[in-house]
Structure formats: C-alpha cells, structure tokens
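Side chains are part of it too, since the values below use all heavy atoms of this structure and drop only hydrogens, waters and symmetry mates. Bear in mind that the values here come from a model prediction, so they are computed numbers and not experimental data.
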Amino acid sequence: MNAEGQRPDGKVPFGWVRMYALVFEFLAYLGGLGYLGWWLDQKRGWEPWGLLGGLFAGTGLGLYRMIRESKRIGM
C-alpha cells in the first residue's frame with residue numbers, strides 16, 4: 001500500500017465501509033441543508049421554497065460526492 005492507503009492496483013481496501021460512510025454523509029447533507037432551508041423559511045417567510053431548495057441542494061451535493069468517491073475507490 002502507498003501513503004494514501006491504496007493498493008498498487010489503485011483501489012482502496014474496504015471500499016464497502018467507505019460506501020456506508022458515504023450514505024451517512026449523503027444523509028447529513030440532505031438533513032443539514034434541508035434544515036437550513038427550513039430555518040430560512042421561518043426567518044424570511046419563503047415557505048416552502050427554502051426547504052425545497054435546501055433539499056434539492058443536499059441531494060445534488062450528496063449524489064455528486066457519492067459518484068465521485070465511488071469512482072475513486074473503483075466501484
């Protein structure tokens with residue numbers, strides 16, 4: 001293994017563990033940005049656009065991270 005924890009073939013061992021972590025990361029993006037949108041709805045009176053925007057942004061960011069990381073670990 002090299003300094004980044006990768007095998008010589010470029011794949012990271014325990015890729016399935018990283019994928020589970022990415023699922024939790026995805027949920028964190030979704031929940032965090034959804035909450036931020038809801039909070040903006042309450043403060044600014046934008047209902048329901050802040051919540052919807054936060055959920056869409058969280059979904060997009062989460063999917064981007066999942067796709068990028070799955071390519072990196074070779075799944």
Side-chain angles (χ1 to χ4, degrees):
M1 285 193 204
N2 61 17
E4 295 178 7
Q6 292 183 345
R7 298 185 305 211
D9 63 1
K11 293 186 178 180
V12 177
F14 303 110
W16 60 273
V17 174
R18 183 64 187 133
M19 290 306 290
Y20 279 118
L22 280 172
V23 169
F24 289 116
E25 186 177 331
F26 175 82
L27 293 174
Y29 285 132
L30 189 62
L33 291 174
Y35 177 76
L36 178 64
W38 175 82
W39 181 78
L40 286 172
D41 280 344
Q42 302 304 310
K43 294 294 180 186
R44 304 284 186 196
W46 295 344
E47 293 183 51
W49 302 113
L51 176 61
L52 290 174
L55 291 175
F56 282 128
T59 301
L61 184 58
L63 286 175
Y64 170 76
R65 289 281 302 133
M66 287 180 86
I67 291 168
R68 187 170 175 228
E69 190 66 20
S70 66
K71 284 182 180 179
R72 188 181 78 79
I73 64 176
M75 292 185 129

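- Under a hydrophobic-cluster definition in which Ile, Leu, Val, Met, Phe, Trp and Tyr are linked whenever side-chain heavy atoms come within less than 4.5 Å, directly or via other members, L22 and Y64 are assigned to different clusters.
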Could you walk me through whether L55 and L33 satisfy the side chain to side chain contact (heavy atoms under 4.5 Å, CB included) test, starting with their C-alpha distance in whole Å, then the side-chain angles of each, then the deciding distance to 0.1 Å, before giving a yes or no?
CA-CA 6 Å; L55 291 175; L33 291 174; over 6 Å; no
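- Remark: of the listed residues L36, L51, L52, L51 is the sole one forming a side chain to side chain contact (heavy atoms under 4.5 Å, CB included) with D41.
- In the hydrophobic clustering of this structure, F56 does not group with L30; members are Ile, Leu, Val, Met, Phe, Trp, Tyr whose side-chain heavy atoms approach within less than 4.5 Å, directly or through other members.
- Atoms CZ and CH2, from R44 and W39 in turn, are 7.0 Å apart once rounded to the nearest 0.5 Å.
- Under the rule for a side-chain contact (heavy atoms from CB on, under 4.5 Å), the partners of I67 that lie at least two apart in sequence or sit in another chain are K71.
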